Enquirer: 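Please see the structure below; I have some questions.
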Number of protein chains: 2
Amino acid sequence: MADQRPLGVRIEDVARAVGVSRATATRALRGQGRIAAATRERVERAAAELGYVPNLMATELAAGGTGVIGLMLRDAANPVYGALFSALELAAARAGVELVTVTIGADPGGERQVQALRRLLGMRVAGLLVATGGVDSAQLEPFAAEVPIVRVGRPEPSAAIAAESYDEEWHGALLASRVRELGHRRVVVLGASAETSYGEHRRGEALVAALGGVAVQRLTTGPDPGDGVGAALTEAAAGATAVLCTSDVRQLAVLRALAARGTGAASTGWDGLTPGVDLLGLTTVRVPVEDAAEAAVSRLAGVLDGEAEALPAHRAWRGELLTGRTLSEVER
Amino acid sequence: MADQRPLGVRIEDVARAVGVSRATATRALRGQGRIAAATRERVERAAAELGYVPNLMATELAAGGTGVIGLMLRDAANPVYGALFSALELAAARAGVELVTVTIGADPGGERQVQALRRLLGMRVAGLLVATGGVDSAQLEPFAAEVPIVRVGRPEPSAAIAAESYDEEWHGALLASRVRELGHRRVVVLGASAETSYGEHRRGEALVAALGGVAVQRLTTGPDPGDGVGAALTEAAAGATAVLCTSDVRQLAVLRALAARGTGAASTGWDGLTPGVDLLGLTTVRVPVEDAAEAAVSRLAGVLDGEAEALPAHRAWRGELLTGRTLSEVER
DNA sequence: CTGAAAGCGCTTACAG
DNA sequence: CTGAAAGCGCTTACAG
């Protein structure tokens, strides 16, 4: 039977119930140090009976640190972050480490980002996973010497901070060659400005760089997926045969507008994580979230286990092209 | 300039740098109690210069509790949980409370669930949001007297625990009347068994109950969205005109199988949270995650602010029917 | 307005 | 194998 106020039970109460000291109760419960089997059993039973839940703040303060890894995440409603979150969680479970997550949604001022960072650092996490662009290198760097930090799923400009991201140059080349192969010679690249989303910006750059021989009209817009769709379609009406988007949600917005206007144009996306991507027939790149997540967690786990790290600071993972009907051959 | 090891800086260091006591430094930094403006400024400056990040474990231990709300979440890769997570995060930001999240993915043994629960309780969170069915009432109840607990997005059998969920009876009726209206007289309801997913099970029940006058073949299966799809289509081939699914991902699996076989059959889903739900033309129910999230957070915030609660323990929110081309009129 | 002291709940050498 | 004591870093009455 659990006590009426289980969270009020202290180790002292457990110890007293058994007639031992706090130190002994601690040893029994943590299974560390020499302890008589009989004593351990009695303590364990008492703890269970009293519904003892150790106060983690006290435990970790006394023990001098957490074994937990902190994760800073961005809006999970976005399938990209949802999938990444999930993959990180899975990787952490496999590696046997616990994850504590703090999310920051849309936050223009950046105020909440800093708050989240301080909360995690304040918890003295053993490692930090940063899966948002909202907090930049300069904010992270001062702590890099203290706690291992890995940026995941996004590029990291600073060499002082490790990163497991995606090989967007490769992905851009994948998409570009498909575009060219299908005969497109004039396209519009629809993406975000560097300030809005550095990740999307870089994708746009990669795409443009890989599109040699194709006339490119570049459109950079705000964060809303619908931004710039009108302008893109105007371009399409003026002769561009495809609208290349730097994220799947942007492509969905394009498809939506296309459907509304009853006009046709080819399009591509970037992510490949939307649940019905196959049914929607999206041509896109499936970004390797699982690889990046696994790599990031095991990198951190390695550091925590005290293994020497001989890894390059930044690694980029390669996904694959998904070919769907949204990008079809150009009619001549 | 930040120190080389900012996380090693204690309030004592800050206090010494300024030449005041720890108590004064605390007051200056927390802005509580009477303090000279000049002193406060000097302390604040020193803290910034030293890169002081308060040790939250010590802070909260000394202060006797957190102001943080804990969230237990299930796999965020599922758009349903991703959307709920995001809505909770938004609601928390609005209410000015911080959220700390612990996720449990697929966990057959339930071991990680318990661990996650203990971690959150061990952190002495001020309130607990439970957005997973993985931890049951019996596990929660012992703590309900100690910390306010709200289950969100899922039904809660125990009256001792508050819940903000969805009015699935209403949703079932919405779908059923649409099904009937379009002339379907023989359908299959494809969902999960009670053990696999209590939520989906309940949806199935609600649907069947609302389908009076329609011949229903009920298929309950495992957790994998693809489970039972084959059997459902066999039913369809045998004369059922629609496959009603208790989640959108299940419906996607049905659509996929249908496309693969080149056969046709109507279908419905349940969630309405998949990003391209409109483009996919899904007929489904858009579940009111935002309402439930908002209600759950403000209920907790209310308790934390010490407001008397005159709310019913369980509330259910109503979403709306999304009509798409996946459910069409029956040809005669 | 400020400081000395006690205490939050737990852990960990150090003796025994 | 077990206990007394010191300490983790911070806060909060209590005096002044």
Side-chain angles (χ1 to χ4, degrees), chain A residues 5-44 46-47 50-68 118-119 121-126 146, chain B residues 5-44 46-47 50-68 118-119 121-126 146:
Chain A
R5 32 194 303 283
L7 298 184
V9 177
R10 295 153 309 161
I11 197 162
E12 164 125 40
D13 302 317
V14 175
R16 184 151 31 200
V18 180
V20 296
S21 71
R22 260 149 57 213
T24 300
T26 294
R27 283 185 211 106
L29 261 16
R30 314 202 100 211
Q32 287 168 188
R34 310 229 121 284
I35 184 138
T39 310
R40 155 154 21 182
E41 262 184 32
R42 284 162 59 221
V43 172
E44 277 169 352
L50 295 172
Y52 171 64
V53 178
N55 183 320
L56 248 40
M57 275 125 41
T59 302
E60 288 163 355
L61 180 58
T66 340
V68 176
R118 289 179 73 88
R119 163 151 291 279
L121 291 171
M123 287 175 69
R124 299 299 188 261
V125 290
E146 277 287 291
Chain B
R5 32 193 304 281
L7 297 185
V9 178
R10 295 153 307 162
I11 196 160
E12 164 125 41
D13 302 316
V14 175
R16 185 152 30 202
V18 180
V20 296
S21 70
R22 261 150 56 214
T24 301
T26 294
R27 281 185 211 106
L29 259 16
R30 316 202 98 211
Q32 287 166 188
R34 308 231 122 281
I35 185 139
T39 309
R40 154 154 21 182
E41 262 184 30
R42 284 162 60 221
V43 173
E44 276 170 351
L50 295 172
Y52 172 63
V53 178
N55 184 319
L56 249 39
M57 275 125 40
T59 302
E60 288 163 355
L61 180 58
T66 339
V68 175
R118 288 179 74 88
R119 162 149 291 279
L121 291 172
M123 288 176 68
R124 299 299 188 262
V125 290
E146 276 287 292

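Within every chain, numbering begins at 1; the chains are lettered A, B, ... in the order of the sequence lines, protein sequences first and strands thereafter. Every value quoted in this text rests on a predicted model; they were computed, and no experiment measured them.
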Enquirer: Starting at CZ of A:Arg34 and ending at P of C:dT12, how long is that distance when rounded to a whole Å?
Expert: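 Rounded to whole Å, this separation is 16 Å.
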Enquirer: Quick check: closest heavy atoms across A:Pro54 and A:Thr59, and the distance to 0.1 Å?
Expert: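 Closest approach of A:Pro54 to A:Thr59, heavy atoms only: CB-OG1, 4.2 Å.
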Enquirer: With pairs defined as Watson-Crick or G-U wobble and both distances under 3.5 angstrom, please note down DNA chain C as a dot-bracket string, | for pairing with another strand.
Expert: |||.||||||||.|||
Enquirer: Go through the structure and list residues passing side-chain contact (heavy atoms from CB on, under 4.5 Å) with B:Ala126, not counting sequence neighbours.
Expert: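 Testing B:Ala126 for side-chain contact (heavy atoms from CB on, under 4.5 Å), a comparison that skips the adjacent residues, returns B:Leu304.
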Enquirer: Can you check the distance between C:dA13 and C:dG9, where both ends of the measurement are the P atom (answer in whole Å)?
Expert: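 Each nucleotide's P atom is 23 Å from the other's.
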Enquirer: OP1, OP2 of C:dT2 versus side-chain N and O of B:Ser21: anything below 4.0 Å?
Expert: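 False: B:Ser21 side-chain N/O out of range (4.0 Å or more) of C:dT2 OP1/OP2.
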Enquirer: Looking at every heavy atom in both B:Ala25 and B:Val20, which two are closest together, and how far apart are they?
Expert: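 Shortest heavy-atom contact: N-CG2, 4.2 Å.
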Enquirer: Who are the side-chain contact (heavy atoms from CB on, under 4.5 Å) partners of A:Leu56, not counting sequence neighbours?
Expert: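 side-chain contact (heavy atoms from CB on, under 4.5 Å) check on A:Leu56 returns A:Glu60, B:Arg119, B:Met123.
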Enquirer: Compare every heavy atom of A:Val9 with every heavy atom of A:Tyr52, then report the nearest pair and how far apart it is.
Expert: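 The answer is CD1-O, 3.4 Å.
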Enquirer: I'd like the P distance from C:dC1 over to C:dA5, given in whole Å.
Expert: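 So the two P atoms sit 24 Å from each other.
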Enquirer: Grab the CZ-P distance between A:Arg16 and D:dA4 for me, whole Å please.
Expert: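 Interatomic distance, CZ of A:Arg16 to P of D:dA4: 13 Å.
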Enquirer: Using a cut-off of 4.0 Å between protein heavy atoms and nucleotide atoms, how would you tag nucleotides 5-11 of chain C 5' to 3' with B, S and -?
Expert: -BBBBBB
Enquirer: Listed by chain and number, what are the side chain to side chain donor-acceptor pair (under 3.5 Å) partners of A:Thr66, not counting sequence neighbours?
Expert: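 Residues passing side chain to side chain donor-acceptor pair (under 3.5 Å) with A:Thr66: none at all.
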Enquirer: Measuring only between side-chain heavy atoms, which start at C-beta, is B:Arg124 closer than 4.5 Å to A:Val53?
Expert: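 Of all side-chain heavy-atom pairs linking A:Val53 with B:Arg124, at least one is under 4.5 Å.
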Enquirer: Pairs in or reaching into residues 27-43 of chain B: which pass salt bridge (Lys or Arg N to Asp or Glu O under 4.0 Å), with residues at least two apart or in two chains?
Expert: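 Pairs touching residues 27-43 of chain B that pass the test: B:Glu41-B:Arg45.
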Enquirer: When you measure from the side-chain N and O atoms of A:Thr39 to the phosphate of D:dT2, is any distance below 4.0 Å, counting only OP1 and OP2?
Expert: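 For A:Thr39, the contact criterion (side-chain N or O under 4.0 Å from OP1 or OP2 of D:dT2) is met.
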